[in-house]
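First the structure, in the form of structure tokens, and then the observations on it.
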Protein chains: 2
Amino acid sequence: MRTNSDEEQCLFSIHQATQVLGGKWSFVVLGQLFCQDSQRFNQLRRNLDNISTKSLTDTLRHLERNGVIHRKVYPTVPVTVEYSLTEKGRDFKNVISEMRIWGQKWGSNM
Amino acid sequence: MRTNSDEEQCLFSIHQATQVLGGKWSFVVLGQLFCQDSQRFNQLRRNLDNISTKSLTDTLRHLERNGVIHRKVYPTVPVTVEYSLTEKGRDFKNVISEMRIWGQKWGSNM
DNA sequence: CCGTATCCCTGGCGATACTG
DNA sequence: CAGTATCGCCAGGGATACGG
């Protein structure tokens, strides 16, 4: 039988996952990084349908704070910044992957 | 090598999935229905930390329109309504499941 | 019981301009 | 190049009251 705490813990985990992700762009940003890890700021921006700089920085900062991605600065001129996935981020690939499969399977019809 | 359309299709599928889900409550509502399929309105509401009626109805309508859940009305007095998962909805379990695993693994630390 | 209807309001997001 | 700084909007969500 299912106990109450089972349910609660299940929902809590899901809730937590959504909190770590934050905004609506996180999925697609992570998806982009899975397609090609270690991308630069404007590279991401171009690949993401011209997301506004604010939304992109907000999303990246949020993901960084939550340990999902890593920000590395190269002191070139002009400066170069590369975003890559942490282990926690790479581990999220299973979720994104399942989401992609589902999106492809059920995308156009019902 | 990876082509441009690969990337685009990948991102498109993810984007589509997020569109089908809609708001922030969808994940947890679906999670609840996976815990126990076929639940009634107030039953869901109580299980979901007293989500407002508006948010719940909005979420349920959205998911229904997108063929993820099914709404069945029993003409009792007072009326009884049960929400259950469609095949499309049940198929989403893989995503939720991976999300739960990830949430449990990485929930508390980084 | 299962919602709809309303009001309100916050914060997420986009657009733009500007800096190191 | 990689952002920060502002402003303004408005959809999404909460609270409450009411209707079938």
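- Residue-level contact check: R71(B) touches the backbone only, with heavy atoms under 4.0 Å from sugar-phosphate atoms and none from bases.
- Closest non-hydrogen pair, R71(B) versus V73(B), comes out as NH1-CG2, 3.7 Å.
- Residue-level contact check: T53(B) touches the bases, meaning some heavy atom is under 4.0 Å from a base atom.
- Comparing atom distances between the S52(B) side chain and each of dG14(D), dC13(C), dG3(D) picks out dG14(D) as nearest.
- Taking only side-chain nitrogens and oxygens, R40(B) never comes nearer than 4.0 Å to OP1 or OP2 of dC1(C).
- Residue Y83(B) is in sugar-phosphate contact alone, with no base atom involved, counting any heavy-atom pair closer than 4.0 Å across all strands shown.
- Nucleotide dG13(D) holds its C1' atom 7 Å from the NZ atom of K24(B), rounded to whole Å.
- Comparing atom distances between the V79(A) side chain and each of dA2(D), dG13(D), dG14(C) picks out dA2(D) as nearest.
- Nucleotide dG3(C) holds its P atom 10 Å from the CG atom of L44(B), rounded to whole Å.
- In the model, Q32(A) has a side-chain atom that pairs as donor or acceptor with a side-chain atom of Q39(A) under 3.5 Å.
- Nucleotides of DNA chain C nearest to V81(B) and K54(A) differ in position, and the one nearer the 5' end is that of V81(B).
- The nearest whole Å value for the distance from the CZ atom in R45(B) to the C1' atom in dG13(D) is 14 Å.
- Cluster membership for W102(B) and F12(A), using ILVMFWY side-chain heavy atoms within less than 4.5 angstrom, is not shared.
- Note on R61(B): only backbone sugar-phosphate atoms sit closer than 4.0 angstrom, heavy atoms only; bases stay farther off.
- Clustering ILVMFWY residues whenever any of their side-chain heavy atoms sit less than 4.5 angstrom apart, transitively, puts I101(A) in a cluster other than the one holding F34(B).
- Look at CD on E82(B): it is 11 Å from P on dG3(C), rounded to the nearest Å.
- Across the protein-nucleic acid pair, D58(B) atom CG and dA5(C) atom P stand 12 Å apart, rounded to whole Å.
- A close approach under 4.0 Å does not occur between any side-chain nitrogen or oxygen of T80(A) and OP1 or OP2 of dC1(D).
- DNA chain C is contacted by both T59(A) and L60(B); L60(B) maps to the nucleotide lying nearer its 5′ end (nearest heavy atom per residue).
- When the P atom of dG14(D) is taken as reference, atom CG of L56(B) falls 10 Å away, rounded to whole Å.
- Q43(B) has its CD atom 9 Å from the P atom of dC2(C), to the nearest Å.
- When the P atom of dA2(D) is taken as reference, atom CG of N50(A) falls 15 Å away, rounded to whole Å.
- Each of L60(B), L21(B), I69(B), N66(B) was compared with S26(B) under the side chain to side chain contact (heavy atoms under 4.5 Å, CB included) criterion, and only L21(B) meets it.
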